[in-house]
Amino acid sequence: MAFKKLLASLGAGGASVETVLTEVNVVPGGVVQGEVRIQGGSVNQDIEGLSVGLQARVEVESGDEEYKQNIEFTRTRLGGAFELQAGAVHAVPFGLEIPWETPVTMIDGQALRGMHIGVTTELAIARAVDSSDLDPINVHPLPAQKAILDAFIQLGFRFKNADMERGHIRGTRQTLPFYQEIEFHPPSQYRGLNQVELSFVADEHAMDVVLEMDKKPGLFSEGSDTYRSFQVGLNDWMGTDWAAYLNNWLSEVGSKRNWF
């Protein structure tokens, strides 16, 4: 028995954890529900804690270096300590709130390349290696976010890429340690633009819509970036023609800088 306990402490023959999500499709501000199932190993083990959270795969810039980092941005503890009997199954249901700032990973049913967000489960076992599990989720845009995305598509912008970057966008309501950028190729009428990067920073009332416009380099000039932002209420976005609004806005910025 002592040898079995030693093996369990090293992860061999010890408890295992599996998370089953009721629904993998969620929206910011919603709730992902599921159940954590703990399978007892070959010996009784003391479980010190069980928790679930959300984790994102984020791009980090450090000097001249770029690398990916897993960042956990919310966590909920499920119950207290208990003893798990050998061979027993212990099931714990949960509901995990999705922060309003959570980046979207899906648009019109299509996964955005570069987006990796999932529910992480951690089982803390006394005198043993922690057991963990990660289950991807699909984060769909809020109606107000979808209206802005649809407007870009309506204007002829084409999706290029999406990523999550560690850092903070100045002047926004951002509280998470990272933000999302959705990159678009512009249509021909915006001939001075190289690309447009779109970010949403939402809370329960409204969202900041941030655009980074990347100017194409000219024969005698370098490229340059321009940041602009505006706010959209999550419940009062329906009365605006967003394609016309964005077109006027982009045209105004471009004409002031002689881009178009």
Side-chain angles (χ1 to χ4, degrees), residues 1-58 68-106 109 111-112 115-142 164 166 174-178 180 202-204 234:
M1 181 62 74
F3 183 63
K4 281 189 175 181
K5 286 185 176 180
L6 174 61
L7 289 177
S9 72
L10 298 174
S16 61
V17 61
E18 180 186 14
T19 301
V20 179
L21 302 180
T22 305
E23 175 58 71
V24 298
N25 296 293
V26 297
V27 295
V31 176
V32 58
Q33 295 183 331
E35 182 179 76
V36 179
R37 298 172 185 170
I38 308 168
Q39 173 68 57
S42 56
V43 296
N44 296 353
Q45 288 182 285
D46 292 326
I47 305 300
E48 294 182 335
L50 173 66
S51 59
V52 292
L54 289 174
Q55 179 179 286
R57 188 79 168 156
V58 176
K68 297 286 188 178
Q69 180 183 36
N70 290 327
I71 294 182
E72 186 179 86
F73 57 101
T74 188
R75 174 152 291 279
T76 298
R77 185 177 173 90
L78 305 178
F82 64 95
E83 184 181 37
L84 180 66
Q85 300 296 313
V89 176
H90 187 75
V92 183
F94 69 88
L96 181 63
E97 293 185 3
I98 307 297
W100 290 94
E101 291 178 50
T102 302
V104 300
T105 66
M106 305 283 290
L112 295 182
M115 294 294 99
H116 301 284
I117 293 179
V119 174
T120 180
T121 306
E122 289 191 2
L123 180 68
I125 307 172
R127 300 176 301 280
V129 179
D130 285 2
S131 185
S132 62
D133 191 24
L134 180 67
D135 296 270
I137 58 173
N138 301 324
V139 185
H140 297 262
L142 295 162
M164 293 177 281
R166 191 174 72 179
Q174 183 183 344
T175 60
L176 295 184
F178 62 92
Q180 180 181 36
D203 61 20
E204 67 269 29
L234 296 187

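Bear in mind the structure is a predicted one, so any value in this text is a computation, not a measurement.
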With side chains defined as the heavy atoms from C-beta onward, is the minimum distance between P28 and V139 less than 4.5 Å? yes

For E97 and T74, work out which heavy atoms get closest and say how close. O-CG2, 4.3 Å

Flag the pair Q33 / E23 as yes when at least one side-chain heavy-atom distance between them is below 4.5 Å, and no otherwise. no

Measuring from T120:OG1 to L134:CG, what's the distance to the nearest 0.5 Å? 5.5 Å

Could you give the distance from CG (L78) to CD (E122), rounded to the nearest 0.5 Å? 11.5 Å

With side chains defined as the heavy atoms from C-beta onward, is the minimum distance between L54 and I137 less than 4.5 Å? yes

When you compare the side chain of E18 with that of T121, does any pair of heavy atoms fall below 4.5 Å? no

Working to the nearest 0.5 angstrom, can you tell me the gap between Q69 CD and R57 CZ? 9.0 Å

Side-chain donor/acceptor of Q180 to backbone N/O of V104, under 3.5 Å: yes

Exercise: do E101 and T175 side chains pair donor with acceptor under 3.5 Å: yes

What distance do I47 atom CD1 and I38 atom CD1 have between them, rounded to the nearest 0.5 Å? 5.5 Å

Would you say that F94 contacts L21 through its side chain, given a criterion of any heavy-atom pair below 4.5 Å between the two side chains? yes

For L50 and L123 the tightest heavy-atom approach is CD1-CD1, 4.0 Å

In Å, rounded to the nearest 0.5 Å, how long is the span from CD of E83 to CG of D46? 5.5 Å

Looking at every non-hydrogen atom in both residues, tell me the closest pair between A15 and L84 and how far apart they are. CB-CD2, 3.6 Å

Of all heavy-atom pairs between P103 and I117, which one has the smallest distance, and what is that distance? O-CD1, 3.7 Å

If you take all heavy atoms of I125 and Q45, which pair is closest and at what distance? CG2-NE2, 3.5 Å

Got a second to check how far N25's CG is from H140's NE2, nearest 0.5 Å? 3.5 Å

Are the side chains of I71 and F178 in contact, using a 4.5 Å heavy-atom criterion? yes

